[in-house]
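Sequence positions, counted from 1, serve as the residue numbers for this chain. Since we're looking at a predicted model, the values are computed, not measured.
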Amino acid sequence: MLTTRAPAKINLTLHVLGRREDGYHALESLVAFSGAGDTLSFTPDDDALSLDISGPTSSAAGAGADNLVLRAARRLAEEIKGLRLGRFRLDKRLPVAAGIGGGSSDAAAALRLLAKANHLAPDDPRIREVARAIGSDVPVCLDPRARMMRGAGETLGEPIRLPLLPAVLINPGAPVATGPVFAALGLRPGALREGAAHADIAARPGADELLAALAKGRNDLEDAACLQAPVIVDALAMLRGARGCRLARMSGSGATCFALFSTRREAVRAASVIRAQHPGWWVKTAVLR
């Protein structure tokens with residue numbers, strides 16, 4: 001059995017530059033990953049392709065043929081004749097439709113496991129092509145390290161060595177559909193969107209340097225997501241009011257929000273306070289990388 005992590009993807013920034021003629025929105029985003037998330041295991045079996053899902057958020061994940069793990073496996077099998085498939089087991093812990101790429105990270109994990117089981121190079125172009133076909137967040141999740149992501153997710157920068165970034169991640173339990181959030185921007189194909197350019201990020205930024213760059217950034221989907229799920233406003237207010245919070249923002253298209261702290265102790269304390277006040281929310285501490 002082979003096992004790998006499928007960590008949460010956090011958009012530290014998310015600038016929408018416009019909408020391309022092909023209908024996709026052109027993005028510019030600094031992406032980081034948590035140290036933990038879902039766990040995916042794979043047992044090669046020449047006679048079967050299956051997926052078993054367990055875990056606290058498994059009921060919302062969908063175990064049918066449309067699950068991204070199975071879609072990624074089938075698509076790779078179409079690209080690579082004779083690909084050895086098998087049985088997947090997913091321990092699902094990340095919230096679903098939450099703006100942290102849970103399904104995309106699961107699909108990327110499946111591609112990594114299939115590559116290892118079939119002795120394929122991690123950067124095999126066929127794997128990257130399948131990742132792009134499955135979803136815009138899947139390519140950046142193949143090698144879950146901080147980097148810039150541009151275009152519709154297909155253009156990736158070199159890995160960035162982040163400083164220690166203790167964080168609190170919270171999801172208030174309101175699933176947010178990505179499509180309506182982007183649609184609320186009202187951009188027609190070919191239209192550009194005004195906004196300040198993204199600050200340059202060094203390959204190994206210091207903590208203060210990085211926080212200053214992030215403070216100049218934004219998430220252009222935040223307002224639209226808050227209209228769809230007003231509880232996001234409450235989540236952001238809780239984070240921004242936490243002692244030691246240096247920056248709080250929504251990730252992706254929501255509803256998961258994050259806050260960055262100087263120390264792990266501050267992050268743990270903030271998470272404890274929020275958890276006590278909102279026991280039904282998903283609240284986690286993390287170190288982003």
Side-chain angles (χ1 to χ4, degrees), residues 1-11 31-147 149 152-154 156 159 175 178 251-252 256 289:
M1 179 186 293
L2 303 174
T3 300
T4 190
R5 289 282 193 183
K9 174 227 31 135
I10 305 299
N11 296 94
V31 175
F33 291 86
S34 67
D38 300 336
T39 301
L40 186 66
S41 299
F42 175 70
T43 302
D45 185 342
D46 294 332
D47 297 321
L49 172 61
S50 64
L51 172 64
D52 181 47
I53 305 179
S54 59
T57 60
S58 59
S59 61
D66 284 338
N67 185 281
L68 291 183
V69 168
L70 293 178
R71 286 176 56 190
R74 290 197 305 269
R75 188 65 176 261
L76 190 62
E78 293 172 1
E79 290 291 324
I80 303 177
K81 300 305 179 185
L83 185 78
R84 192 177 190 192
L85 297 173
R87 294 174 280 115
F88 288 98
R89 182 175 181 83
L90 177 63
D91 181 15
K92 188 69 183 171
R93 296 186 172 274
L94 297 177
V96 176
I100 53 177
S104 296
S105 193
D106 294 341
L111 293 174
R112 290 198 302 272
L113 291 175
L114 287 169
K116 188 170 185 179
N118 287 273
H119 308 290
L120 301 172
D123 59 351
D124 188 303
R126 295 169 294 183
I127 294 175
R128 298 195 175 279
E129 183 60 34
V130 168
R132 285 193 291 268
I134 295 299
S136 59
D137 280 340
V138 181
V140 76
C141 293
L142 279 176
D143 179 14
R145 291 184 288 173
R147 67 184 75 226
M149 178 178 75
E154 74 278 10
L156 303 178
T178 300
S251 177
T256 303
R289 59 197 69 186

Q | Name of the residue among Asp124, Ile134, Leu83 meeting side-chain contact (heavy atoms from CB on, under 4.5 Å) with Leu76 | A | Leu83
Q | Side chain proximity check, Val96 to Pro175, heavy atoms < 4.5 angstrom | A | no
Q) Do Leu114 and Leu85 have side-chain heavy atoms sitting under 4.5 Å apart? A)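 Yes. Closest side-chain heavy atoms under 4.5 Å.
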**Q.** CG on Asp91 to CD1 on Ile53, rounded to 0.5 Å
**A.**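 One gets 10.5 Å once the value is rounded to the nearest 0.5 Å.
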Q: Any chance you could measure Ile100, atom CD1, to Ser251, atom OG, to the nearest 0.5 Å?
A: 7.0 Å
Could you list all the ring-ring contact (aromatic ring centres under 6.0 Å, His included) pairs where at least one residue sits in [range], not counting sequence neighbours?
range            : result
residues 69-92   : Phe42-Phe88
residues 122-141 : none
residues 98-143  : none
residues 92-117  : none

Q.
Restricting to non-hydrogen atoms, name the atom on Phe33 and the atom on Ala146 that form the minimum distance, rounded to 0.1 Å.
A.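 Where Phe33 meets Ala146 most closely, the heavy atoms are CD1-N, 4.4 Å.
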Q) So, for Pro144 and Cys141, which heavy atoms are closest and what is the spacing to 0.1 Å? A) CD-O, 3.6 Å
Do any pairs count as a salt bridge (charged side-chain N to carboxylate O under 4.0 Å, His left out) and have a residue in [range], sequence neighbours left out, and if so which ones?
range            : answer
residues 109-122 : none
residues 80-90   : Asp45-Arg87, Asp46-Arg84, Asp52-Arg89
residues 135-145 : Lys9-Asp137, Asp143-Arg145, Asp143-Arg147

Quiz: residues 103-111 side-chain donor-acceptor pairs under 3.5 angstrom, not counting sequence neighbours:
{"unit_1": "Ser105", "atom_1": "OG", "unit_2": "Pro7", "atom_2": "O", "d": "2.8"}
{"unit_1": "Asp106", "atom_1": "OD2", "unit_2": "Lys92", "atom_2": "NZ", "d": "2.9"}

Q: Run the numbers on Val31 and Ile10 for side-chain contact (heavy atoms from CB on, under 4.5 Å), then give the verdict.
A: CA-CA 6 Å; Val31 175; Ile10 305 299; over 6 Å; no
Q) Would you find a donor on one side and an acceptor on the other, under 3.5 Å apart, between the side chain of Asp38 and the backbone of Arg93? A) yes
Q: Keeping the roles fixed (side chain from Thr57, backbone from Leu94), state whether a donor-acceptor pair exists under 3.5 Å.
A: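 Between the backbone of Leu94 and the side chain of Thr57 there is a qualifying donor-acceptor contact (under 3.5 Å).
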**Q.** Charged N-O contact under 4.0 Å between Glu129 and Arg132
**A.** yes
Q. Taking only residues two or more places apart in sequence, or in another chain, which ones meet Ala152 in a side chain to side chain contact (heavy atoms under 4.5 Å, CB included)?
A.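 With neighbours one apart ignored, the set is Arg20, Tyr24, Glu154.
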Q.
Once side chain to side chain contact (heavy atoms under 4.5 Å, CB included) is applied, do any residues pair with Thr3, and if so which ones, sequence neighbours excluded?
A.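 Thr3: side chain to side chain contact (heavy atoms under 4.5 Å, CB included) contacts with Met1, Thr39, Ser41.
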Using residues 66-75 as the side-chain source, report each donor-acceptor pair under 3.5 Å to any protein atom, sequence neighbours left out, with the distance given to one decimal.
{"unit_1": "Asn67", "atom_1": "OD1", "unit_2": "Val69", "atom_2": "N", "d": "2.9"}
{"unit_1": "Asn67", "atom_1": "ND2", "unit_2": "Gly62", "atom_2": "O", "d": "2.7"}
{"unit_1": "Arg74", "atom_1": "NH1", "unit_2": "Ala65", "atom_2": "O", "d": "3.2"}
{"unit_1": "Arg74", "atom_1": "NH2", "unit_2": "Ala65", "atom_2": "O", "d": "2.9"}

**Q.** Qualifying residues under salt bridge (Lys or Arg N to Asp or Glu O under 4.0 Å), relative to Arg128, sequence neighbours excluded
**A.**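 Result, salt bridge (Lys or Arg N to Asp or Glu O under 4.0 Å) vs Arg128: none returned.
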